[in-house]
Amino acid sequence: MELDTFRSALDSWLDENEAALTDPLGGSATLDDHMAHLSTVKRLAYDAGFMRWGWPERVGGLGGSPLLRAYLGDALTSRDLVKPGIYSMTEVLAPTMIDYAEPELAATMVPRLLRGDETWCQGFSEPGTGSNLASLSCRATRAGDAWRVNGQKVWTSLAQYAARCVLLTRTGTPDSAHKGITALFVDMDSPGIVVRPIETMHGSPEFSEVFFDDVEVPLDRTLGEEGQGWAVAMDLLPYERSTALWQRAAFLGGRLQRLLETVPGGAVDPVMLGEAAQLLYALRARSRSTLRRLAAGEHLGPETSIDKVLVATAEQSVFDLVADGLGADLLVGDDPISDRWRQEFLYSRAATIYGGTGEIQRNIIARRLLDLGSDR
Ligand SMILES: Cc1cc2nc3c(=O)[nH]c(=O)nc-3n(C[C@H](O)[C@H](O)[C@H](O)COP(=O)(O)OP(=O)(O)OC[C@H]3O[C@@H](n4cnc5c(N)ncnc54)[C@H](O)[C@@H]3O)c2cc1C
């Protein structure tokens, strides 16, 4: 399907079904409510076909360009029908699963994620391993027809809701670095997994600690080959920085617009407004070209670190403007609207951490794109 045809069909469908797609709890919804509502929206969009366009037919999709998926995320977030962070997990995890899982496994599992029957999580970070991902120590050892996993992950977004986890494990020697990592697709209800949610500073338990104690994972749940986990991780990160970032930019544009409508007379600092607007524009332009490259079948790589720096900078700039414009309401406003702005402001501080920190992205840009030397 052509993008223009998809857009007009989707826009009409969204107009006609707005009531069913809008979260009835609005500003007072909890994370549980947002997750339940996300499942409803995905199910409705899947049944109407929109959630299937842009995904390969072999995993229940209807084919077509990833631009179709990007526009769906854009429309759902701009219309405030889903929360961008929780919606984006599909864009982050499904493409790599499709690239690396056994075809039958992908054909069974991906439709469940697209249809909103399941949530998945990403088990990469550990208490001693974040930026230096290659040093991870959660161990998987061979035990007959299965892997046996022992260790801990942390900051695992939505783990308490997840039915599956894309998990990075150490299968080589402790010092095998990126060569000794294997990716597994783990059922979160396997015996030996304990999930402990962590409350974020914006008051929502969006991520968790996850403990693995002798957890058995069948060998056919290996993503790629043994020792190929680093390639899986490197495949996933650019997806996190393409379609998912496009819809985050749409969300930021919507919130900037809402701020101008909220502040009396639109009286915000004009210099800060100009800066936020130009950063958002740069993000949209950059993200558009990344999406076009993805749609043309190009391999995305370290250059997507530029997109990550831009989204983090734009997000913090927009919410600095929110703080300036709303003043005391942002700090102490005791109503659902102020509460939402406050949560979003606090969450924006994480933009330079999640998905790779600002410092690490700048290191990658310096070393891998600009050839400005190494650590040593
Ligand atoms: C909202 C949110 C959601 C997240 N969701 C997930 C998830 O679903 N799954 C998952 O696996 N992880 C998730 N994370 C974790 C995230 O990927 C890590 O927090 C991030 O990679 C940084 O790792 P760290 O926290 O261990 O910090 P560290 O790596 O310990 O870094 C601490 C500080 O040191 C700086 N630093 C480190 N090394 C260098 C260097 N070589 N040069 C310059 N500066 C350096 C960093 O930039 C940072 O400022 C999430 C994090 C957040 C905030």
Side-chain angles (χ1 to χ4, degrees), residues 31 34-35 83-94 96-97 113 119-138 151-170 177-178 181 183-186 188 195-212 223 229-230 232-234 236-237 239-241 244-245 248 251 302 305 308-309 311-313 315-316 319 343-368 372-376:
L31 182 57
H34 287 308
M35 293 301 294
K83 303 278 275 180
I86 59 176
Y87 178 80
S88 67
M89 290 306 281
T90 303
E91 290 295 336
V92 171
L93 295 173
T96 297
M97 159 72 183
L113 181 69
T119 298
W120 298 355
C121 65
Q122 177 187 357
F124 285 18
S125 305
E126 298 179 5
T129 298
S131 305
N132 55 344
L133 194 57
S135 71
L136 65 86
S137 61
C138 180
Q152 185 193 343
K153 296 287 167 178
V154 73
W155 318 128
T156 317
S157 294
L158 311 177
Q160 71 272 42
Y161 301 99
R164 326 276 162 199
C165 180
V166 176
L167 183 73
L168 293 185
T169 61
R170 169 74 52 206
H178 60 278
I181 295 172
L184 307 178
F185 190 67
V186 178
M188 290 295 282
V195 177
R196 287 204 198 125
I198 304 171
E199 183 129 329
T200 59
M201 72 174 172
H202 68 283
S204 171
E206 266 178 40
F207 43 38
S208 294
E209 294 177 289
V210 186
F211 299 88
F212 297 84
L223 296 177
W230 189 252
V232 173
M234 293 305 108
L236 183 146
L237 289 177
Y239 287 120
E240 192 167 2
R241 297 172 191 158
L245 283 205
R248 187 125 204 119
F251 159 75
S305 288
K308 177 71 212 319
V309 168
V311 78
T313 317
E315 176 145 359
Q316 295 190 347
F319 284 99
Q343 285 190 28
E344 290 173 351
F345 172 81
L346 291 171
Y347 191 81
S348 72
R349 303 304 104 174
T352 43
I353 304 174
Y354 61 70
T357 71
E359 290 80 8
I360 296 300
Q361 302 317 306
R362 286 181 170 84
N363 280 350
I364 292 170
I365 292 167
R367 292 180 190 135
R368 300 195 51 193
L372 293 177
S374 68
D375 276 332
R376 290 174 283 277

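Counting starts at 1 for both ligands and their atoms, in listed order. Note that the coordinates shown come from a computational prediction; the quantities given were computed from them, not determined experimentally.
Comparing F124, W155, Y347, Y354 against atom 7 (C) of ligand 1, the shortest heavy-atom distance belongs to W155. Among P127, S131, G128, the residue whose heavy atom lies closest to atom 28 (P) of ligand 1 is S131. Atom 41 (N) of ligand 1 has its nearest heavy-atom neighbour, among T129, N363, T156, N132, in N363. Taking only non-hydrogen atoms, the option from V154, I360, V210 nearest to atom 36 (N) of ligand 1 is I360.
Checked by atom type and distance alone, the side chain of E91 never pairs as donor or acceptor with a backbone atom of Y239 at under 3.5 Å. Using a distance-only test at 3.5 Å, with no hydrogens or angles considered, a donor-acceptor pair links the side chain of Q160 to the main chain of P205.
The ligand atoms of ligand 1 that sit less than 4.0 angstrom from a heavy atom of Q122 are 7 (C), 8 (O), 9 (N), 10 (C), 11 (O). Counting the atoms of ligand 1 from 1 in the order shown, those under 4.0 Å from a heavy atom of F207 are 1 (C), 2 (C), 3 (C), 52 (C). Atoms of ligand 1 lying under 4.0 Å from any heavy atom of S157, numbered from 1 in the order shown and given with element: 3 (C), 4 (C), 5 (N), 6 (C), 7 (C), 8 (O). Set against the non-hydrogen atoms of I353, the atoms of ligand 1 under 4.0 Å away are 19 (O), 20 (C), 53 (C).
Between H202 and Y347, the angle of the ring planes goes over 60°, which puts this pair in the perpendicular group of the 30/60° scheme.
Within the 4.0 Å heavy-atom criterion, neither part of L133 lies near ligand 1. Only the side chain of T357 comes within 4.0 Å of ligand 1, counting heavy atoms alone; its backbone N, CA, C and O stay farther away.
Note: W155 and Y354 fail the aromatic proximity criterion, with ring centroids not under 6.0 Å apart.
Taking the side chain as every heavy atom from C-beta outward, I360 and I364 approach each other to under 4.5 Å.
No side-chain donor-acceptor contact under 3.5 Å links Q343 and S204.
Annotation: R196, atom CZ; neighbour count of heavy atoms from other residues, nucleotides and ligands within 6.0 Å does not exceed 12.
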